[in-house]
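Worksheet for the structure shown next.
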Protein chains: 2
Amino acid sequence: MTTTAPAQVDSETAAQRARRTRIIAATLSLASRGGYEAVQMREVAERSEVALGTLYRYFPSKVHLLVSAMASEVDQLSQRLQKRQPPGKTRAERVSFVLERSTRSLQRDPLLTEAMVRAMMAADVTVAQEVNAVRQGMSDLIVQAIRGDDGVQEHDVELAAILQDVWFARQIAWLGGRIEAADVWRDIHLAIGLVLADG
Amino acid sequence: MTTTAPAQVDSETAAQRARRTRIIAATLSLASRGGYEAVQMREVAERSEVALGTLYRYFPSKVHLLVSAMASEVDQLSQRLQKRQPPGKTRAERVSFVLERSTRSLQRDPLLTEAMVRAMMAADVTVAQEVNAVRQGMSDLIVQAIRGDDGVQEHDVELAAILQDVWFARQIAWLGGRIEAADVWRDIHLAIGLVLADG
DNA sequence: CCAGTAACAGGAACGTGTTCTAGTATCCCA
DNA sequence: TGGGATACTAGAACACGTTCCTGTTACTGG
């Protein structure tokens, strides 16, 4: 947190964009192999062929780094899912589709998920911007599913926020060893039914 | 995590119970003054007049320590609130009463809350028992409010779990500087209205 | 092209959670 | 009541996130 970050991402040099990409890639790779604790800053720096100080110039803390990595993952998920309207006649069916896909996508790589979700929860005010990017991506996904072809509905943003809260909380319960992977989806599905009781 | 914990809390010697009490007291005091980062294990040990190794024998990590502290706080809150049935004619009114009291109680000491909630979120599988104690305490509170004088209702435990998830998630959003203290309560209230739509 | 500035490399150093060791005190039971 | 196990103290040691320092490289305006 000593040095000032590169002014703007879109005014970066090509070499800088490449460094940023290498750093995120190394982070995802390490997280995927060993979770939160395996993402060690020295190791990330070494793998992305960047000095430790440079790593900290790009991402001022481990939490910034992991939340940024999650933002990049959510972006990808979002692009895959938003190619077409989620199927289903009711709001509940469409939201179920989207959240089930998201949940399965995360559970496929539990250690990576653990690293990213743990960072999201550890984020303090200095990471608010990155955290908001992640939440916005998830929210867009859910809101689009709620609306379907019906357009804007009352409370749809608030409902999406609640479902996202439950979604995160259940992931944490799973990561904390308090519920099984299968229960994550059962609980979220139940929450969808209760919150979107329209069919 | 190397040494085995004292066998059972109820088979402790008087001196051991006193140590445990002093440790929790020192933890709450430090957390209240400076939040999560101010709870430093060496400092806790010194203030509770216990060697560092002993502290780790009683609480095998900082997270265990803070979650245990939260369990003790929730116990107290629970005892205060459960003295009488929460007022209100509808489930929503009663649950609002209980959660508003809980929220206000936490917001009165933001740094302590930050320390405890952050520990709850950082808890891994080794802390599952302590985390469950906290969640059970909160759940009892909410379930009792849902039931009121009406007795057992369908899904009341699941509804309580969802509300608790939202409650925690909103606390985190507040602690993460993404929403204001007042918004915490507004969002939880909204969730109550949506989940318990019975008046 | 050159000077000055910002970014980067390499690595030492520091803080705090956690573990480990050696010695001492306390407890429990035969 | 004595002796062995268990618990405790004091403090060193280790790991990893973070900061800082020194020298070098890459960029930019004149």
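In the text below, chain A, chain B and the rest are named by the order of the sequence lines, each starting its count at 1.
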Arg17(B) backbone acceptor or donor facing Thr21(B) side chain under 3.5 Å: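 Yes; judged by distance alone, with no hydrogens or angles, the pair exists.
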Lys/Arg N to Asp/Glu carboxylate O, Asp75(B) vs Arg80(B), below 4.0 Å: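 Looking at Arg80(B) together with Asp75(B), the answer is no, because their closest N to O distance does not fall below 4.0 Å.
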Asp149(A) bridged to Lys89(A) by N-O distance under 4.0 Å: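 Answer for the salt bridge query: no.
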Check whether any side-chain nitrogen or oxygen of [X] sits under 4.0 Å from OP1 or OP2 of [N], and answer yes or no.
X: Tyr58(A); N: dC8(C); answer: yes
X: Tyr56(A); N: dC8(C); answer: no
X: Gln16(B); N: dC27(C); answer: no

Distance, rounded to the nearest Å, where [X] contributes [atom1] and [N] contributes [atom2]:
X: Lys62(B); N: dC16(D); atom1: NZ; atom2: P; value: 18 Å
X: Leu65(B); N: dT16(C); atom1: CG; atom2: C1'; value: 14 Å
X: Arg20(B); N: dA7(D); atom1: CZ; atom2: C1'; value: 13 Å
X: Glu49(B); N: dA7(D); atom1: CD; atom2: C1'; value: 17 Å
X: Arg57(A); N: dC21(D); atom1: CZ; atom2: C1'; value: 14 Å
X: Glu46(A); N: dG11(C); atom1: CD; atom2: C1'; value: 13 Å

Candidate nucleotides dG17(C), dT9(D), dT18(C), ranked by approach to the side chain of Ser61(B) - the nearest: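 So the side chain of Ser61(B) is nearest to dT18(C).
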Proximity to the side chain of Arg19(A) - top-ranked nucleotide from dA9(C), dG17(C), dG17(D):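 Side chain of Arg19(A) sits closest to dA9(C).
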Check: Asp150(B) and Arg94(B) side chains under 4.5 Å, non-hydrogen atoms: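 Yes, close enough: below the 4.5 Å cut-off.
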With sequence neighbours excluded, residues passing side-chain hydrogen bond (donor to acceptor under 3.5 Å, both in side chains) with Asn132(B):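 Counting only residues at least two positions away or on another chain, Asn132(B) forms no side-chain hydrogen bond (donor to acceptor under 3.5 Å, both in side chains).
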Of all pairs that satisfy side chain to side chain donor-acceptor pair (under 3.5 Å), the ones with a partner from residues 28-42 of chain B, not counting sequence neighbours: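 Every pair satisfying side chain to side chain donor-acceptor pair (under 3.5 Å) with a residue in residues 28-42 of chain B: Ser32(B)-Asp109(B).
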Most 5' of Glu37(B) and Leu55(A) on DNA chain C, judged by nearest nucleotide: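 Result: Leu55(A).
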Report each atom pair, protein N/O against N/O of nucleotides 12-14 of chain C, whose distance is under 3.5 angstrom.
residue : atom : partner  : partner atom : Å
dA13(C) : N6   : Arg42(A) : NH2          : 3.2

Sugar-phosphate, base or nothing in reach of Glu43(A), heavy atoms under 4.0 Å: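 Glu43(A): no heavy atom of the nucleic acid under 4.0 Å.
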Touch class at under 4.0 angstrom, heavy-atom based, for Val39(A) against every strand present: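 Sugar-phosphate only.
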Distance-only side-chain donor-acceptor flag, Gln136(A) / Asp140(A), under 3.5 Å: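 A donor-acceptor contact under 3.5 Å links the two side chains.
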